[in-house]
Amino acid sequence: MKNLVKAVIFSLSSALVATSAFAAAPEHHSQHHQPQKTHVQQHAQYKSPAHAQQHKQVYKKVDPSRDWRVGQKVPAQFQSKVYKVDHSKYKRLSKPGKNQQWIKVNGDYILTNMMSHNIIKIIAG
């Protein structure tokens with residue numbers, strides 16, 4: 001009889017401990033959960049050129065030769081000097097005119113106006 005009572009008490013106490021552990025898990029998880037950053041907050045992290053390499057990885061899904069058109073503005077995140085390329089190192093790129101520069105985004109070359117950031121020409125990579 002004593003063994004039966006011990007077994008019942010042990011089962012009930014194990015079930016009670018397990019139930020309280022499962023109930024506590026979501027509360028514990030929510031205390032350490034950090035809200036996801038918005039696009040604006042992510043962009044603010046990458047204003048300095050030192051973080052530009054990480055910045056490129058955030059926007060890797062962009063395909064300029066497919067998604068961008070001549071006359072459109074280059075998105076702000078790609079206006080950094082880090083994306084600038086030297087035309088003389090690439091046979092396919094013409095010499096940029098005054099206030100123009102070539103940038104490379106995900107393998108595509110984009111000639112932009114440095115003042116207005118408008119796209120002048122796109123060469124698929």
Side-chain angles (χ1 to χ4, degrees):
M1 184 73 173
K2 285 184 180 182
N3 289 339
L4 180 62
V5 172
K6 287 180 184 179
V8 170
I9 291 174
F10 178 74
S11 298
L12 290 175
S13 63
S14 296
L16 183 61
V17 169
T19 304
S20 63
F22 286 124
E27 180 181 24
H28 176 26
H29 177 70
S30 65
Q31 290 174 353
H32 295 290
H33 182 268
Q34 297 176 354
Q36 290 187 344
K37 294 180 180 177
T38 65
H39 175 72
V40 173
Q41 289 170 328
Q42 288 175 346
H43 180 66
Q45 286 181 335
Y46 300 108
K47 286 188 177 180
S48 69
H51 298 291
Q53 188 63 28
Q54 293 172 348
H55 185 73
K56 283 184 183 180
Q57 294 172 358
V58 172
Y59 297 99
K60 206 167 192 161
K61 294 182 180 178
V62 173
D63 183 2
S65 61
R66 187 188 71 208
D67 300 332
W68 298 351
R69 299 287 174 251
V70 171
Q72 289 179 329
K73 283 193 178 237
V74 174
Q77 65 265 26
F78 299 108
Q79 295 174 10
S80 169
K81 291 179 182 179
V82 175
Y83 294 94
K84 185 177 179 178
V85 295
D86 182 5
H87 75 282
S88 64
K89 294 181 181 179
Y90 303 92
K91 292 181 181 180
R92 297 171 30 181
L93 304 182
S94 61
K95 182 177 178 180
K98 184 178 180 182
N99 294 323
Q100 295 178 352
Q101 72 176 9
W102 284 101
I103 61 172
K104 184 177 182 181
V105 178
N106 296 329
D108 293 338
Y109 298 93
I110 299 95
L111 181 62
T112 64
N113 180 306
M114 294 180 347
M115 307 305 278
S116 66
H117 302 288
N118 287 342
I119 297 172
I120 299 168
K121 186 176 184 178
I122 300 172
I123 298 177

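These numbers come from a predicted model, not from an experiment.
At least one donor-acceptor pair under 3.5 Å links the side chain of K73 to the backbone N or O of S116. The main-chain N or O of V62 is never found under 3.5 Å from a side-chain atom of D67 such that the two would form a donor-acceptor pair. Listed for the Q79 side chain is a donor-acceptor partner under 3.5 Å among the backbone atoms of V74.
Here the side chains of V105 and W68 are in contact, with some heavy-atom distance below 4.5 Å.
Among residue pairs with one or both ends in residues 75-91, none qualify as salt bridge (charged side-chain N to carboxylate O under 4.0 Å, His left out); sequence neighbours excluded. Within the structure, the ring-ring contact (aromatic ring centres under 6.0 Å, His included) test picks out the following pairs touching residues 90-125 (sequence neighbours left out): Y90-Y109.
Taking CD1 of I119 as the start and CZ of F78 as the end, the distance is 10.5 Å to the nearest 0.5 Å. We find the OG1-CG distance between T112 and N118 to be 9.0 Å, quoted to the nearest 0.5 Å. The CE atom of M114 lies 12.0 Å from the CD1 atom of I103; values are rounded to the nearest 0.5 Å. For the atom pair CD1 of I123 and NZ of K104, the computed distance is 12.0 Å after rounding to the nearest 0.5 Å.
Taking D108 as the reference, D63, P64, S65, I110, A124 meet the side-chain contact (heavy atoms from CB on, under 4.5 Å) condition, with sequence neighbours excluded.
Of all heavy-atom pairs spanning Q100 and L111, the tightest one is OE1-CD2, 3.7 Å.
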